[in-house]
Each structure stands twice: as C-alpha cells, then as structure tokens.
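Just below is one structure, and these are the notes that go with it.
Counting convention: from 1, in listed order, for ligands and their atoms alike.
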Amino acid sequence: MPLVTGLEILAAARKGGYAVGAFNCHYLDMIPAVVEAAVAEESPVILQFTEGSIRSAGWSLVSAVAREVAMAAPVPVAIHLDHGPSFQAAMQAIRHGFTSVMFDGSEKPFEENVALTRQVVAAAHAVGVTVEGEIGHVGGVEDGQGTEHGWLTEPEEARRFWQETGVDYLATAFGTAHGLYKEEPRLDLERLRRIRDLVDAPLVMHGGSGVPDDQVRAAIAAGICKINVATELKEAWARALRQTLAEKPEESDPRRLLAPARAAVQAVVREKIRLFGSAGRA
Ligand code: 13P
C-alpha cells in the first residue's frame, strides 16, 4: 500500500473514536516486527523514530527499510519523526520520505515555540507532509531528549498554539511522562476534555508505556487519537533477550538469540493495538 500521512491515519481515528499506536523503533529489526503485528491485527500503524535512533543506523538505511516494509504492507502506515529537535531534522526526515514530522519546541517560550513550529508546518505542508507540535511539556527523558519534569498544558494556550501554528495534530501534557513510572500515573482527563473542546485536531498522548488500561481508554474517549509507545517495547525486548541468553548460553546464532525478543515486541504491539481500538480498522 502507498505510504500515508500521519493526518490521514489520525483523522480516521478521530472520526472513528479510537487511537492509533505510534511505536518507537530503536533498531532496524523492530520495523518489520511492528508492521507485521499491525498487519496481523488489520490495524493502521505509525512507525516513529527519534533522531537518536535514526543516527545509530543512519537516515538512508532507516528510511529505506521503513519505506520498503511500509509499502509492502496491506495496512496504512505512516513514517514519523518523533521529537524533531530542529527545522533541519524535520527537513532531513522529509527528504528521506517520512510522511509525518514532529517539531518539539515544548521547552521553549510560547512565542518561540510558535514561530519555529510555524516554519516547519509551512515547509512540510508545501510537500504534503503533516506535522505534530507540542504545547505544555511531557516530562521524562526520551532517547536522551527532554527534561525530567514536565508541566501541564493550559487549554487556552493549546487553542492559541494550534491556531497560530497550523499543526495537524497536537501533543499535550495532562499527566503522562516518558519512561518508567515510579508510581501509577493519574491523568488529568478534565484538562484533556477542555483541550479537546478548544482544539479542532487529533490529540497526541506521549508516554504511553505503563499507563493503566482503564486510563488509556478514558484518554481515548476524551480525544486522544495517537499514543506513543517506546519504553514497554524496549523492556519487553530486553527481558526476552536476557532470558534467551540465560537459557541458551551456548547459542551464538543472532537469529535464534533475537527471535524471542522480536516476538516479545510483537506481542506488546498487538496488545496495544487492541487496547487502543484500532484493530480491524485498516
Ligand atoms: P514511553 O517511552 O513512555 O512509552 O513514551 C514514548 C513516547 O512518548 C515517545 O515520544
């Protein structure tokens, strides 16, 4: 299937009242693992990459694998730059065929975030690529980016930011954080509903790992259409690999060592897809 933009997938999700998983791929083999899981669930999916994970394999290789795998899949797939740190990074992603980019200016003062995000939106829209921005700041460090402590999104500020930038989908902070939670998160759903009532665009939840299922469902009902998941995939991968290494100390074939780790990633992706309600929506 041809690649689709993030907006194409998220507009359908918003209309249908479900969310689509945006799964962070930390290394190349996770790309087919995630897409195969989406195909098995007949779900649209977003493959996403931070600049850090792209740097480890290189733009050409990451984009070639992602595009090849995505276009061979019978489900809609978007390729997204997660937490794009600069205009340059967004342009690199677009040049390499990404169909969706995030510009993350959330740590900057409001006016600066607006001005920089607008530049990315103008350039991306000129070539048919859709854009995610962030207002408020989701705390926690993601692949070396971000800060420990976040601050919640002010609904009125979210409206202004969305109107002034023209972003296609908006990441907001309402109680989630990147990485492992030290205690159970408590989402501010009232805040999220107020944002949804003011912003006429799909909303994005960062820090999707470790949020209890009932809170995930409530967030989707309150307007969340894209849910980012990274940590749970890494954790499942590493746990399975450690167990395989412990159980098979003589094994040296990378394919046999890595197969259970890949299967563990797929199991998490399939479970999330069902939880988010996007199964059968391809
Ligand atoms: P988690 O690592 O908490 O799943 O967050 C992922 C994320 O928000 C990527 O942008």
Side-chain angles (χ1 to χ4, degrees), residues 6 9-10 19-27 30-31 33-34 37 45-56 62 66 78-85 89-90 93 98 100-107 117 131-153 167 169-187 192 202-213 215-216 219-220 224-239 264-273 275-276:
I9 286 178
L10 297 177
V20 174
F23 298 101
N24 285 76
C25 299
H26 295 91
Y27 81 121
M30 275 168 86
I31 298 170
V34 168
V45 72
I46 299 172
L47 292 171
Q48 67 180 15
F49 306 86
T50 59
E51 212 195 23
S53 54
I54 293 166
R55 228 183 279 121
S56 71
V62 169
I79 304 177
H80 176 77
L81 174 67
D82 187 27
H83 292 288
F98 283 44
S100 176
V101 293
M102 176 185 190
F103 174 74
D104 181 1
S106 62
E107 289 176 71
T117 304
V131 181
E132 175 180 335
E134 179 168 329
I135 188 71
H137 181 62
V138 179
V141 177
E142 179 71 37
D143 228 357
Q145 281 174 250
T147 47
E148 203 48 53
H149 298 289
W151 53 89
L152 299 178
T153 305
V167 288
Y169 20 103
L170 183 62
T172 56
F174 57 99
T176 60
H178 297 110
L180 294 172
Y181 291 97
K182 295 189 185 77
E183 52 195 65
E184 192 171 291
R186 294 169 63 88
L187 305 188
L192 180 59
L203 300 177
V204 181
M205 180 167 112
H206 282 245
S209 295
V211 180
D213 290 0
Q215 292 200 56
V216 169
I220 295 168
I224 290 298
C225 301
K226 172 177 183 271
I227 302 183
N228 291 4
V229 181
T231 302
E232 275 192 58
L233 303 185
K234 280 193 295 191
E235 292 287 312
W237 188 88
R239 224 179 3 254
V265 166
Q266 289 191 312
V268 175
V269 172
R270 292 188 68 168
E271 189 188 299
K272 295 295 179 195
I273 284 174
L275 171 64
F276 299 164

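- At a threshold of 4.5 Å between non-hydrogen side-chain atoms, the residues I220 and L275 do not count as touching.
- Ring geometry for W151 versus H137: interplanar angle of 30 to 60°, hence tilted.
- Taking distance alone, with nitrogen or oxygen atoms compared against 3.5 Å, A230 approaches ligand 1 more closely than that limit.
- Using a 4.5 Å heavy-atom cutoff, the side chains of T231 and E235 are in contact.
- The aromatic rings of W237 and Y27 stand perpendicular to each other, their planes meeting at an angle above 60°, with 30° marking the opposite boundary.
- Residue contact check for ligand 1: E232 places no non-hydrogen atom closer than 4.0 Å to it.
- Looking at D82, V204, T176 and measuring to atom 9 (C) of ligand 1, the nearest heavy atom belongs to D82.
- Side-chain contact check for M102 versus Q48: every heavy-atom pair is 4.5 Å or farther apart.
- Against a heavy-atom cut-off of under 4.0 Å, N24 is close to the following atoms of ligand 1: 9 (C).
- Of all atoms in ligand 1, listed by their number and element, those nearer than 4.0 Å to a heavy atom of T231 are 1 (P), 2 (O), 3 (O), 4 (O).
- Heavy-atom contacts of H206 reach the following atoms of ligand 1: 8 (O), 10 (O) (cutoff under 4.0 Å).
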With a 3.5 Å cut-off and sequence neighbours excluded, list the donor-acceptor pairs that the side chains of residues 179-186 form with protein atoms.
unit_1	atom_1	unit_2	atom_2	d
Y181	OH	A177	N	2.9
Y181	OH	A177	O	3.1
Y181	OH	G207	O	2.9

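- Side-chain N/O atoms of T50 and S53 include a donor and acceptor closer than 3.5 Å.
- At least one heavy atom of A177 sits closer than 4.0 Å to an atom of ligand 1.
- Under a 4.0 Å criterion applied to the non-hydrogen atoms of V229, ligand 1 contributes the atoms 4 (O).
- Counting atoms of ligand 1 from 1 in the listed order, those under 4.0 Å from a heavy atom of H83 are 10 (O).
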